[in-house]
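For reference, positions follow the sequence shown, starting with 1.
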Amino acid sequence: MSSTESSTHEGFTAEERAAMKDHAQELKTAARRSSRADKAAEAERDVLAKIAEMQDSDRIMAERIHAVITASAPALAPKLWYGMPAYALDGKVVCFFQSAEKFKARYATLGFSDQAKLDEGTMWAAGFALTEVTAEAEARIGALVKQAVS
């Protein structure tokens, strides 16, 4: 096969490779924990520690989002997912917070997986850009999270 100058393979970015390594470590750590209660407590501590490591603007948003999600949908269990705070139902991630810094993005993102029951017609949003978490944003996040697990 010959190579041309116009076809280049870019592969994964350094940030994407780091996220995959984070996920592999998360799986190893979870496998080592003993009881279900220990796993849940440790997973929440891991999420809070990851949030505490974030830069100020991302950290402030992540703390507020964590509080809104845990209050609005107590059935969701905090856990790390690819190095990001995530919230799962029966072990499957429903939503997650992606800091702007992690992927060198312009804004942070609150994302929802296909497990979230946000279906609305034939097209609906599965991710939301965040530059600040206001009272209005908190109310919307709470409503979305409740809908996602209903």
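Remark: W124 CH2 to D119 CG distance equals 3.5 Å, nearest 0.5 Å. Here L110 contributes atom CG and R140 contributes atom CZ; the two are 10.0 Å apart, rounded to the nearest 0.5 Å. Between I60 atom CD1 and Q55 atom CD the span is 11.5 Å, to the nearest 0.5 Å.
Side-chain contact check for L144 versus L118: some heavy-atom pair is nearer than 4.5 Å.
Of the possible polar contacts, none joining the K117 side chain to the V149 backbone as a donor-acceptor pair under 3.5 Å is found. Panel note: side chain T109, backbone G111; no donor-acceptor pair is recorded below 3.5 Å.
In this structure, E16 and F12 approach most closely via the heavy-atom pair OE1-CA, 3.3 Å.
Other residues, nucleotides and ligands contribute over 12 non-hydrogen atoms within 6.0 Å of the CZ atom of R59.
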Report all side-chain donor-acceptor pairs from residues 88-108 shorter than 3.5 Å, counting only partners two or more places apart or in another chain.
{"residue": "S99", "atom": "OG", "partner": "K102", "partner atom": "N", "Å": "3.1"}
{"residue": "K102", "atom": "NZ", "partner": "D22", "partner atom": "OD2", "Å": "3.2"}
{"residue": "K104", "atom": "NZ", "partner": "E15", "partner atom": "OE2", "Å": "2.6"}

Side-chain donor/acceptor pairs under 3.5 Å, residues 64-83, sequence neighbours excluded:
{"residue": "R64", "atom": "NE", "partner": "E138", "partner atom": "OE2", "Å": "2.6"}
{"residue": "R64", "atom": "NH1", "partner": "V133", "partner atom": "O", "Å": "2.4"}
{"residue": "R64", "atom": "NH2", "partner": "V133", "partner atom": "O", "Å": "3.2"}
{"residue": "R64", "atom": "NH2", "partner": "E138", "partner atom": "OE2", "Å": "2.7"}
{"residue": "H66", "atom": "ND1", "partner": "Y87", "partner atom": "OH", "Å": "2.8"}
{"residue": "H66", "atom": "NE2", "partner": "E44", "partner atom": "OE2", "Å": "3.2"}
{"residue": "T70", "atom": "OG1", "partner": "H66", "partner atom": "O", "Å": "2.9"}
{"residue": "T70", "atom": "OG1", "partner": "A67", "partner atom": "O", "Å": "3.2"}
{"residue": "S72", "atom": "OG", "partner": "V68", "partner atom": "O", "Å": "2.8"}

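R45 meets the salt bridge (charged side-chain N to carboxylate O under 4.0 Å, His left out) test with E42; sequence neighbours excluded.
Hydrophobic clustering of Ile, Leu, Val, Met, Phe, Trp and Tyr side chains at less than 4.5 Å, counting indirect connections, keeps M54 apart from L48. Residues M84 and F128 do not share a hydrophobic cluster, clusters being chains of Ile/Leu/Val/Met/Phe/Trp/Tyr side chains in contact below 4.5 Å.
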